[in-house]
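Beneath this line is the structure, given in structure tokens, with notes to follow.
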2 protein chains.
Amino acid sequence: MLFLTFLIACGAAAATGYFFQPGTWYDELQKPDVTPPRWVFPVAWSVLYVLIAWAASRLAVIPGSGTVMALWSAQIALNTLWTPVFFGAHRTDIALGIIILLWLIVALMTFLSVWLDAWAAMMFLPYLAWLTIAAGLNHAIWQDNR
Amino acid sequence: MLFLTFLIACGAAAATGYFFQPGTWYDELQKPDVTPPRWVFPVAWSVLYVLIAWAASRLAVIPGSGTVMALWSAQIALNTLWTPVFFGAHRTDIALGIIILLWLIVALMTFLSVWLDAWAAMMFLPYLAWLTIAAGLNHAIWQDNR
């Protein structure tokens, strides 16, 4: 039940990828050579969403996890916001601001989780790593297409 | 800190209203006579976001609030998703599905909160009432503009 509820939250974030797809605008952008092919993104996100929903369901039952739960809420809302701003509104500059804030919140959430449940913290690490890559790509795309 | 973190989550949901504004598409839709004027929406949402962030910060520190926190996460992600789907992708049909799921989750969250903190549950009630109105408007707009 807990896991499924957190997965619904992730589903909302994931759904933005369906409604705001890359399309020709994205294809025509200058992108760094290291940009992964398109199919990598939904695969990576699916794995990450399951991991962070699972970690959240472990943390939610631990007394004293209120701050981590608040950070989890903030990160899933910011995650849901990023795709429409980037792929919908084409505001790569504001999207960069969003993903930097998202990165900071996930980093803090991961750090605070270590003391509550080290396994959950480890499940957040691939997410933090991927956000680092995504923020780098977002920054490069913003810089190279102004 | 807790309140501010939940407010950041609400801020992400609120920001969608900036990036996906009603515009001419919305102006030209057939809308029910009872549709509130445009300025009512940001005012209502601002009050509601403060209330639900406050309620969440009260609930997060209560042991056993894991399920309510999971539901809070799901509702803020679905809330963030609704605006881009409705005003960005113009998918009033899918937006209706999203807002119905959102309503159910908020109703369950409110119900479960009563036993944890009756004040927090009462702070969710205006949100549930507004979602009922919003879902009704969404349904009418979908029906009248097919």
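Just so it is clear, the values below take in all heavy atoms, side chains as well, and ignore hydrogens, waters and symmetry mates. Order of the sequence lines fixes the chain letters, A, B, ..., with proteins taken first and strands second; residue numbering starts at 1 for each chain. None of the values given here were measured: they were computed from a predicted structure.
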Item checked: Proximity breakdown for B:L108 and chain A, heavy-atom pairs closer than 4.5 Å -> side chain
Next item on the list: Counting only heavy atoms closer than 4.5 Å, note whether B:I105 contacts chain A via side chain, backbone, both or neither.
Entry: side chain
Next item on the list: Begin with the C-alpha distance, continue with both residues' side-chain angles, and end with the deciding distance and a verdict on side chain to side chain contact (heavy atoms under 4.5 Å, CB included) for A:L81 and B:T16.
Entry: CA-CA 7 Å; A:L81 176 64; B:T16 60; 3.6 Å; yes
Note to self: Distance check, rounded to the nearest 0.5 Å: A:F19 atom CZ versus B:H90 atom NE2?
What the structure shows: 13.0 Å
Checklist line | Distance-only donor-acceptor check, side chains B:T80 and A:T80, under 3.5 Å | finding: no
Item checked: Choice from A:C10, A:A77, A:A60 maximising heavy atom contacts with chain B below 4.5 Å -> A:A77
Note to self: What part of B:F3 gets within 4.5 angstrom of chain A, counting heavy atoms only: side chain, backbone, both, or neither?
What the structure shows: neither
Notebook entry, point to check: Are more than 12 heavy atoms from other residues, nucleotides or ligands located less than 6.0 Å from atom CH2 of B:W54?
Noted result: no
Margin query: With chain B as the partner, which of A:G64, A:A13, A:A56, A:A12 has the greatest number of non-hydrogen pairs under 4.5 Å?
Written below: A:A12
Notebook entry, point to check: With a cut-off of 6.0 Å (strictly less than), are more than 12 heavy atoms of other residues, nucleotides or ligands near CH2 of B:W25?
Noted result: yes
Item checked: Path from B:M69 to B:M1 over hydrophobic side-chain contacts below 4.5 Å -> yes
Margin query: With chain A as the partner, which of B:S65, B:A15, B:S73, B:G66 has the greatest number of non-hydrogen pairs under 4.5 Å?
Written below: B:S73
Next item on the list: Decide if atom CZ of B:F41 counts as having more than 12 heavy atoms of other residues, nucleotides or ligands within a radius under 6.0 Å.
Entry: yes
Note to self: Please tell me whether A:Y18 and B:L101 are part of a single hydrophobic cluster in this structure, the criterion being side-chain heavy atoms less than 4.5 Å apart.
What the structure shows: yes
Next item on the list: Looking only at non-hydrogen atoms, find the nearest pair between B:F20 and A:A89 and report the distance.
Entry: CZ-N, 4.1 Å
Notebook entry, point to check: Should we say atom OH of B:Y26 is surrounded by more than 12 heavy atoms from elsewhere, each under 6.0 Å from it?
Noted result: yes
Next item on the list: Give a yes or no on whether B:L102 and B:I100 share a hydrophobic cluster (residues Ile, Leu, Val, Met, Phe, Trp, Tyr; joining criterion: side-chain heavy atoms under 4.5 Å apart).
Entry: yes
Check: Where does B:I94 contact chain A at under 4.5 Å (heavy atoms): side chain, backbone, both or neither?
Finding: side chain
Next item on the list: Identify the residue among A:L2, A:T5, A:I8 that makes a side-chain contact (heavy atoms from CB on, under 4.5 Å) with B:L71.
Entry: A:T5
Next item on the list: Might you point out which heavy atoms bring A:A9 and B:A74 nearest each other, and give the distance in Å?
Entry: CB-CA, 3.6 Å
Next item on the list: Give a yes or no on whether A:L51 and A:W45 share a hydrophobic cluster (residues Ile, Leu, Val, Met, Phe, Trp, Tyr; joining criterion: side-chain heavy atoms under 4.5 Å apart).
Entry: no
Check: Do B:L128 and B:M122 belong to the same hydrophobic cluster, where Ile, Leu, Val, Met, Phe, Trp and Tyr are linked whenever their side-chain heavy atoms lie under 4.5 Å apart, directly or via other members?
Finding: no
